[in-house]
Undergrad: 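Sharing a structure with you now.
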Amino acid sequence: MPTSTPRPTEAAARDLSAEPRTPADITALLGAFCFFLSAVEYMIPKPLPFMRLGIANLPILLAVDLLPLPWYLALALVKVVGMSVISGSLFSYVALFSLAGTLTAAIAMWAARKVIRGSVSAVGVSMLGAVASNAVQIAIASAVVFGEAARLIAPPFLATGLVTGALLGAFAETFAAKSRWYARARGAL
Amino acid sequence: MRIKAFDIVIALAAAGLVALSAVSAYSPGSRSSELVIKGRDGEWVYPLSSDRVVSVAGPLGDTLVAIEGKTARIKDSPCPNKTCVAGGSISRPGQWLACLPNQVLVRIEGGADDADIDAAAY
């Protein structure tokens with residue numbers, strides 16, 4: 001984390017509120033959004049146990065182009081903790097599903113964005129993340145809980161990921177194009 | 001918002017994965033049939049592929065359901081006339097055995113030849 005030169009308190013306060021200065025600032029803000037969106041996600045009724053919108057992943061999706069890798073992974077962990085705290089599953093094996101799914105998605109999205117940078121938008125990155133996360137969770141469900149029968153939950157679960165991933169990606173793409181905060185955050189690093 | 005080449009590639013790959021999982025989950029041929037045992041206290045599902053003897057509690061006592069070589073039969077039941085034991089063994093989806101006095105229903109669901117249909121109309 002780069003250290004900034006001392007400045008008058010008033011100016012420093014203004015900077016903190018308005019300008020994303022460092023990866024830590026951005027991680028903190030996006031991490032807080034993860035907590036908030038996890039709460040929103042938790043309020044939305046789910047037709048099936050695994051099916052969720054994945055809106056808590058939006059900050060991670062936005063962070064792909066904003067944060068260096070270590071901070072980006074830290075944000076993914078913050079999201080896992082936030083989601084688990086809010087859903088009350090932090091100290092149960094359910095949190096491991098969240099951890100595995102989120103980390104897989106985060107790494108897949110990062111890799112996709114870095115490797116095929118110019119030819120993929122947030123829509124593709126988001127779909128990739130959602131489907132990768134769901135596929136890993138089905139694999140774990142198959143290995144740990146449901147055995148063979150996990151295959152039966154795969155189609156609706158993967159299809160949900162495809163659709164919600166695309167919608168979330170479209171939102172992120174639009175947000176990134178229009179947000180002045182996002183533009184400043186990109187410029188700041 | 002501009003959709004780029006790899007967005008489409010990823011969407012197609014994901015759709016392919018969904019289709020593949022759907023084929024794997026729903027195609028009748030790929031799934032072995034299951035034995036569903038309904039007793040007084042609940043319902044249990046067993047794979048027909050592994051041999052075992054299941055004891056199901058009922059009002060008269062325990063009904064023994066034997067699964068051997070992908071078929072199921074009621075081996076013994078504490079009922080007066082043993083109609084269920086006389087029912088022999090079942091192996092295909094849709095077949096069932098019942099011991100009414102002891103409130104046990106055994107049926108086979110899903111699986112390869114679900115096609116034992118008398119007639120169909122669309």
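Quick note on labels: first sequence line is chain A, next is B, and so on, each numbered from 1.
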Undergrad: What residue, out of A:Ser119, A:Gly161, A:Gly165, has the most heavy-atom pairs lying under 4.5 Å from chain B?
TA: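 The residue among A:Ser119, A:Gly161, A:Gly165 with the greatest pair count is A:Ser119.
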
Undergrad: With a 4.5 angstrom heavy-atom cut-off, could you sort out which part of B:Ala13 is near chain A: side chain, backbone, both or neither?
TA: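 Neither part.
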
Undergrad: Below 4.5 Å from any heavy atom of chain B, which atoms of A:Leu128 appear? Answer side chain, backbone, both or neither.
TA: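 Backbone plus side chain of A:Leu128, per the 4.5 Å heavy-atom cut-off to chain B.
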
Undergrad: Where on A:Ala177 is there a heavy atom nearer than 4.5 Å to chain B: the side chain, the backbone, both, or neither?
TA: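 Neither part.
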
Undergrad: Please determine, by modelled atom types, if B:Thr63 and B:Ser77 share a side-chain donor-acceptor pair under 3.5 angstrom.
TA: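 Distance-only check passes for B:Thr63 and B:Ser77.
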
Undergrad: Going only through I, L, V, M, F, W and Y residues with side-chain contacts under 4.5 Å, is there a path from B:Val85 to B:Ile67?
TA: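 Linked, B:Val85 and B:Ile67 end up in one cluster.
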
Undergrad: Would you say A:Ile26 and A:Phe175 are hydrophobically clustered, going by side-chain heavy atoms of ILVMFWY under 4.5 Å?
TA: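 In one cluster with A:Ile26: A:Phe175, yes.
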
Undergrad: So for A:Val123, is it side chain, backbone, both, or neither that comes closer than 4.5 Å to the heavy atoms of chain B?
TA: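 Both backbone and side chain.
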
Undergrad: So does B:Glu68 pair up with B:Lys75, basic N to acidic O under 4.0 Å?
TA: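 Salt bridge between B:Glu68 and B:Lys75, a charged N being under 4.0 Å from a carboxylate O: no.
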
Undergrad: Give the ring-plane orientation class for A:Phe36 versus A:Phe33, where under 30° counts as parallel, over 60° as perpendicular and anything between as tilted.
TA: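 Rings of A:Phe36 and A:Phe33: perpendicular, over 60°.
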
Undergrad: With chain B, which of A:Ala176, A:Ala166, A:Ala170 has the greatest number of heavy-atom pairs at distances under 4.5 Å?
TA: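 Looking at each of A:Ala176, A:Ala166, A:Ala170 in turn, A:Ala170 comes out on top.
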
